[in-house]
Amino acid sequence: MPELPEVETTRRLIHDQIVDRTITDVLVTRDRMLRRQERPADFRSRLSGRRIIGTSRLGKRLHILLGGDLVWLVHLGMSGRLSTADRTSKAPPHTHVRVGLDDGSEIRFTDPRTFGYTMVVTQDELDELTTMGPDAWTDPPTADELGARLERRTAPIKALLLDQTIVAGVGNIYADETLFAAGIDPRRAGGTLTESDIDSLLAALRRVLEAGIEAGGTTLSDMAYLLPDGRSGEFVTELAVYGREEEPCPRCGDLIRRDVIRGRSTFWSPTCQR
DNA sequence: AACGATCCCTGTTGGC
DNA sequence: TGCCAACAGGGATCGT
């Protein structure tokens with residue numbers, strides 16, 4: 001599902017296809033996808049005729065930078081996919097937004113479960129959106145900064161890693177993989193992590209995200225996530241614990257356990273993670 | 001303020 | 001084999 005590595009992979013793959021193109025058409029066939037746009041009519045009017053000048057990403061949010069200081073924002077939710085294709089080809093099921101470009105192609109936003117959303121905002125509006133913490137990959141916090149954010153927190157570290165206001169981009173899969181790589185029990189209260197734990201956590205986060213991006217993200221068998229070119233993300237073969245309940249831990253051989261923490265499946269190795 | 005529960009949505013899965 | 005309830009999860013929102 002789309003977490004930071006999946007969104008970053010998506011960004012890289014569509015970047016060259018869309019930059020320097022001009023938007024000619026906008027077709028929205030499911031209004032729900034615009035639910036975060038204050039005035040849904042703005043979506044179409046702000047995109048039409050606009051030139052795409054770049055792309056960026058903050059956490060799991062993809063930004064398509066437009067002329068006129070506007071930002072086309074796409075959040076893939078849990079089943080969203082962004083792709084480009086010739087506009088005469090058949091769009092996949094659950095394609096809710098199609099944005100035509102001046103070379104005959106179009107950008108498609110497809111999302112079966114509709115947890116994703118898209119909107120076009122001004123720079124001012126962007127600043128007012130829910131505050132996100134620093135990006136886990138491009139702007140990771142220092143150990144001191146993360147330590148300060150975790151101090152006295154009683155929520156489990158697993159839950160705090162998923163909190164986008166602490167660090168942005170980590171979802172359920174990469175949170176579990178990071179805690180495993182760092183050897184930290186996901187149930188531990190955030191405030192109980194030592195300096196050394198936090199060092200391990202940040203190093204593990206870096207390694208796990210790097211491997212995830214390198215592999216083109218994670219495509220689970222039951223998930224709709226595909227890269228913009230239709231390929232699967234290959235990180236699934238590198239998952240150490242996620243989805244591996246009752247399988248032997250790759251480090252100690254003891255069985256991997258699944259607990260529900262804050263309503264989210266959490267896979268971990270009780271022997272390796274303390 | 002911090003925390004945890006609930007809800008949104010639909011394809012897939014698993015139990016009967 | 002076929003049906004259907006349960007499940008999955010990011011993040012907004014709400015109650016405590």
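Letters A, B, ... mirror the listed sequences (proteins, then strands); counts begin at 1.
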Distance below 4.0 Å between [X] side-chain N/O and [N] OP1 or OP2:
X: A:R258; N: C:dA8; result: yes
X: A:Q164; N: C:dG11; result: yes
X: A:S265; N: C:dA8; result: yes
X: A:H94; N: B:dT10; result: no
X: A:Y174; N: C:dG9; result: no

What's [X] touching, base or sugar-phosphate or nothing? Going by heavy atoms closer than 4.0 Å.
X: A:P93; value: nothing
X: A:R149; value: nothing
X: A:R30; value: sugar-phosphate

Below 3.5 Å between N/O atoms, which protein atoms pair up with nucleotides 12-14 of chain C? Just atom names and distances, please.
unit_1, atom_1, unit_2, atom_2, d
C:dA12, OP1, A:R36, NH1, 3.2

**Prompt:** Which nucleotide, B:dG4, C:dG10, C:dA8, lies nearest any side-chain atom of A:Y242?
**Reply:**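 Output: C:dA8.
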[X] has an atom [atom1]; how far is it from atom [atom2] of [N], in whole Å?
X: A:L162; N: C:dG9; atom1: CG; atom2: C1'; result: 10 Å
X: A:R32; N: B:dC7; atom1: CZ; atom2: P; result: 15 Å
X: A:R262; N: C:dG10; atom1: CZ; atom2: P; result: 13 Å
X: A:R61; N: C:dG11; atom1: CZ; atom2: C1'; result: 12 Å
X: A:D163; N: B:dG4; atom1: CG; atom2: C1'; result: 13 Å
X: A:D111; N: C:dG10; atom1: CG; atom2: C1'; result: 11 Å
X: A:D176; N: C:dG9; atom1: CG; atom2: P; result: 9 Å
X: A:M33; N: C:dG11; atom1: CE; atom2: P; result: 13 Å

**Message:** Once rounded to the nearest 0.5 Å, what's the spacing between atom OG of A:S83 and atom CZ of A:F109?
**Reply:**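 Reported to 0.5 Å precision, the distance equals 11.0 Å.
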**Asked** How many angstroms lie between CG in A:L62 and CD1 in A:I14, if you round to the nearest 0.5 Å?
**Response**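 The CG atom of A:L62 sits 5.0 Å away from the CD1 atom of A:I14.
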**Request:** Answer with yes or no after comparing the ring centroid distance for A:H75 and A:Y117 against a 6.0 Å cut-off, counting only values under it.
**Result:**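 Ring centroids of A:H75 and A:Y117 are less than 6.0 Å from each other.
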**Asked** Which residue, A:R153 or A:R264, contacts DNA chain B at a nucleotide closer to its 5' end, judged by nearest heavy atom?
**Response**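 Of the two residues, A:R153 wins.
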**Item:** Nearest-nucleotide comparison on DNA chain B, the residue closer to the 5′ end among A:T154 and A:T114
**Value:**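 So the residue in question is A:T154.
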**Request:** Please report the shortest heavy-atom distance between A:R206 and A:P140, naming the atom on each side.
**Result:**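 Shortest heavy-atom separation between A:R206 and A:P140 comes out as NH1-CG, 4.1 Å.
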**Between A:D86 and A:S105, a side-chain donor and acceptor under 3.5 Å** =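 Judged by distance alone, the side chains do not pair up.
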**Asked** Between the side chains of A:T165 and A:D163, is a donor N or O closer than 3.5 angstrom to an acceptor N or O?
**Response**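 A:T165 vs A:D163: donor-acceptor pair found between side chains.
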**Asked** Between A:F115 and C:dG9, do the rings stack, that is, sit under 5.5 Å apart with planes less than 30° off each other?
**Response**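 Stacking between A:F115 and C:dG9: present.
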**Asked** Do other residues, nucleotides or ligands put more than 12 heavy atoms under 6.0 Å from the CZ atom of A:R44?
**Response**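 Check fails, neighbour count at 12 or below.
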**Asked** Looking at A:R207 and A:E177, does any basic side-chain N land under 4.0 Å from a carboxylate oxygen?
**Response**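 So A:R207 does not pair with A:E177 through a salt bridge.
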